[in-house]
Amino acid sequence: MTLPRLVRSKFWVRAILVALVVVAGLRIGFSFLVQPETVERGLEQALENWTGAQVHIGKETHFSFWPYPRVTLRDVRVVPDGSGELISAETVSATFDLFGAVRGHPSFSDFELVRPIVRLRRGADGTFNWRHSGWLVQAIDATKAAEGKPTSEPSDERIGTITLVDGVLEIVSGESRPYRISDIDGTVTWPTLRQRLTLALSGVSNGEMTRLSFDADQPLALLAGRDATVRTRLSADPGAVSFEGAANLSGSGFVNGTVQLSTPSLSRLLAWQGRDIPAVSTIGEMTVEANIATSGYAARLENVKLALDGTKATGVLDLNMPPQSVPRIGGTLAFDRIDLRAFLSAFSPLPGADQNAPTIDTTFIHQFGMDLRLSAGTATFSPFALKDLAAGMRIENGRASFDIGDSTLLDGRLTGRIALAEEGFRGGGKLQFSLSNVDMGSIASTLALPGPLPSGIGSADFELSTKLPLWATTPSDMSGKFRLRLGSGTLTHFNRQAFEKLAAQGNFFSMSAAGDGSFDFNRADVEARLDRGLAELTKAEIESNDALLTLSGMVPYRTGSLALAGLLKDRTAADATNGKPGLSFFVGGSWPDPVISPASVLTGRQPRQ
């Protein structure tokens, strides 16, 4: 190393050592010049000025000067006039400036509260348990009065960073049960009242570790009841919600911006918030993104993007939460596809799900109202699939209904309605469905229904009711009526010639013996009354160009048995002239292979040839 470099290096080393000695000397010297009582009282006064409450210190104050001057108050209690304790903390510490402390006017910043407990109480008149005073309140009032004009009020007071360690927040409103958040850790960064407020906290809420982040560019304007831009996010394992946009905390406050909600399980999210609704227990992962605008107790969500268990939907939702009434949900959602069975089961198990099921909690249908319109490109109700569904879900005053206004089924049209009685799910309800221009043969084939059945394009109407709870209802518990109309079609598994030949022999025979074939017809008309497992065929006519098949009687479908009288009659002009009576028979036994008893067997007369 050259001499000049050596000299320069030694110079800088000496300079740094001298600077350190000077700084240390100043720190040590100032520590003797600072009056501890002045600093202690200064911090007390600062806390009183900020909160507008009295500050009590229970233990001796601690001072440190390295690496920064810091004062620590121990066993601190903040008590507003005329009310209980607002804040208590094991310690409250803050940094202070040495020059100000020497002059007797210390300033403080970068506070730390260890094990603080904040108790917020809201009375019946809407007031909280602190008086309307203090620097912060004065700055808020000055901002309100300024109405956007510059103000000379003390709104440049330095705060810095507030660190919370192992804190507790307890909120009580009226006579309600206290809401408690524990294990609160994090920081609140607010350099001055005119600068941005940033908050990052974590704590345990309802047994779940919860994280909250919040920042506002104009926090003083927000607290003064003016519009301000905010960004916030609340997250925990059961779910997360975030918002970015404009907010207003005045009496007619509002938010206007973008909101996002996500949860791996909707039922778990509701349970975390203290709501146990069995109706949504089958709903799993859900995400919602929308533009939200609120007004009073109402909120409108536009450009909604909903993802629910792999199903996506878009639309508009309206939420109304009046203080003296139940919340209401309305709007329109358009799904790409929807599982109707899962959707309806979310409100109650469908008929036949479990007839021995115990009663379930359905009080939620009295806890909110709904008027929701749904559409879907594809709607499945296993094993069927509907196209272009247009439906509506309505819940009001304990009554609920689901209406299918229009849909396409097997190139035909399906409409329907499920309506619950006034007593709710426990009081039963009505089911109404209408099919038009639907391929009935495809329905029978899809359901794998055995035996002779009419197949063709036609219409069907169901009007059924039950007095049992829906989840304990089976088809044999319903009453109502049924009607089927078909144009040209085919009666499957029915060979007319073989049937007539076997009947002419005057012996009993099974239907399957004449099931190798089909019977083409021009029309089919079937009507029946249903009464808790018993169907009465009031009209059943299947007509071809040259024959008419009629049936009447009882079908106890609860047991799968039959008791029908039938007539197979020629429709030719010659037979009509001759007055040929046709073939009478009786159908007994069980479906799908009942026993045919020709009338001749029962009466002892041989049929005419």
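Just so it is clear, the structure is predicted and the values come from calculations on it, not from any experiment.
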Report task. With side-chain contact (heavy atoms from CB on, under 4.5 Å) as the test, would you mind laying out the steps for L372 and T332 before giving the verdict? Result -> CA-CA 6 Å; L372 190 62; T332 302; over 6 Å; no
Report summary line: Minimal heavy-atom distance between G456 and L486, with the atoms involved, is O-CD2, 3.6 Å
Report summary line: Of R417, R394, R373, the one forming a side chain to side chain donor-acceptor pair (under 3.5 Å) with D403 is R417
Query raised in the report: Quick one: OG on S479 to CG on D531, what's the gap to the nearest 0.5 Å?
Result: 4.5 Å
Query raised in the report: Side chains of L120 and V172: closer than 4.5 Å at any heavy-atom pair?
Result: no
Report summary line: From the list D110, L113, T187, side-chain contact (heavy atoms from CB on, under 4.5 Å) with I162 holds only for L113
Requested in this report: Please report the shortest heavy-atom distance between V230 and A216, naming the atom on each side.
Outcome: CG1-CB, 4.0 Å
Query raised in the report: If only atom types and distance count, is the side chain of W272 paired as donor or acceptor with the main-chain N or O of S205 below 3.5 Å?
Result: yes
Query raised in the report: If we only count heavy atoms from C-beta on, is the L164 to L201 side-chain gap below 4.5 Å?
Result: yes
Query raised in the report: Under the 3.5 angstrom rule, does the side chain of T446 hit a backbone N or O of S442 as a donor-acceptor pair?
Result: yes
Requested in this report: Report yes or no: does D318 contribute a side-chain atom to a donor-acceptor pair with the main-chain N or O of G331 at less than 3.5 Å?
Outcome: no
Query - Euclidean distance, T198 OG1 relative to R231 CZ, rounded to 0.5 Å - result: 8.0 Å
Query - Closest non-hydrogen atom pair between T263 and P238, with its separation - result: OG1-O, 2.6 Å
**Report entry** Nearest atoms (heavy-atom pairs only) where F402 meets M393
**Finding:** CD1-SD, 3.9 Å
Report summary line: Shortest non-hydrogen pair, N320 vs Y297, comes out as OD1-O, 3.4 Å
Query raised in the report: Which atoms form the tightest heavy-atom contact between A247 and V255, and what is the distance?
Result: CB-CG1, 4.1 Å
Query raised in the report: Does the side chain of R328 reach to within under 4.5 Å of the side chain of L319, using non-hydrogen atoms?
Result: no
Query raised in the report: Quick one: does S375's side chain get under 4.5 Å of F335's, heavy atoms only?
Result: no
**Report entry** Test item: L389 and I404 side chains (from C-beta on) under 4.5 Å apart, heavy atoms
**Finding:** yes
Query - Lys/Arg N to Asp/Glu carboxylate O, R180 vs E170, below 4.0 Å - result: yes
Query raised in the report: In Å, rounded to the nearest 0.5 Å, how long is the span from CG of L435 to CG of L409?
Result: 6.0 Å
Query raised in the report: Looking at CD of Q432 and CD1 of I418, how far apart are the two atoms once the value is rounded to the nearest 0.5 Å?
Result: 10.5 Å
Query raised in the report: Is there a side-chain contact between I184 and V168 (heavy atoms, below 4.5 Å)?
Result: no
Query raised in the report: Any donor-acceptor pair under 3.5 Å linking the side chain of T232 with the backbone of S213?
Result: yes
Requested in this report: Show your reasoning for whether side-chain contact (heavy atoms from CB on, under 4.5 Å) applies to D336 and T378.
Outcome: CA-CA 7 Å; D336 57 347; T378 301; over 6 Å; no
Report task. Would you please indicate yes or no on a ring centroid separation below 6.0 angstrom for F433 and F462? Result -> no
Query raised in the report: Are E85 and R119 within salt-bridge range, i.e. N to O under 4.0 Å?
Result: yes
Requested in this report: Decide yes or no for V188 and T161: does some side-chain heavy atom of the first lie under 4.5 Å from some side-chain heavy atom of the second?
Outcome: no
Query - Worked verdict on D217 versus R194 for salt bridge (charged side-chain N to carboxylate O under 4.0 Å, His left out) - result: CA-CA 9 Å; D217 296 332; R194 292 186 183 277; over 6 Å; no
Query raised in the report: Charged N to carboxylate O under 4.0 angstrom, K387 versus D406?
Result: no
**Report entry** Residue Q218 excluded, over 12 heavy atoms near CD under 6.0 Å
**Finding:** no
Query raised in the report: Quick check: are there more than 12 heavy atoms from other residues, nucleotides or ligands sitting under 6.0 Å from CG of D411?
Result: no
Requested in this report: Applying side-chain contact (heavy atoms from CB on, under 4.5 Å), run through L317 and L333 and close with a yes or a no.
Outcome: CA-CA 8 Å; L317 292 176; L333 289 176; 4.2 Å; yes
Query raised in the report: N291 pairs by side-chain contact (heavy atoms from CB on, under 4.5 Å) with which of V259, V316, T258?
Result: T258
Report task. Could you please spell out the steps behind the salt bridge (charged side-chain N to carboxylate O under 4.0 Å, His left out) verdict for D166 and R115? Result -> CA-CA 5 Å; D166 196 15; R115 295 183 179 86; 3.5 Å; yes
Query raised in the report: Taking C-beta and beyond as the side chain, do M209 and S202 meet within less than 4.5 Å on heavy atoms?
Result: yes
Query raised in the report: In terms of side-chain geometry, is the basic nitrogen of R268 or E208 positioned less than 4.0 Å from the acidic oxygen of its partner?
Result: yes
Query raised in the report: Got a second to check how far N303's CG is from E289's CD, nearest 0.5 Å?
Result: 9.5 Å
Query raised in the report: Within the distance-only criterion (no hydrogens, no angle test), does the side chain of S407 pair as donor or acceptor with the backbone N or O of D388 below 3.5 angstrom?
Result: no
**Report entry** Residues M440, L453; criterion side-chain contact (heavy atoms from CB on, under 4.5 Å); working and verdict
**Finding:** CA-CA 9 Å; M440 300 299 173; L453 293 170; over 6 Å; no
Report task. State the CG-CG distance between L169 and D183, to the nearest 0.5 angstrom. Result -> 12.5 Å
Query - Derivation and outcome, side-chain hydrogen bond (donor to acceptor under 3.5 Å, both in side chains), residues D461 and S434 - result: CA-CA 4 Å; D461 297 288; S434 294; 2.8 Å; yes
Query - Residues, nucleotides or ligands: over 12 heavy atoms within 6.0 Å of Y179 OH - result: yes
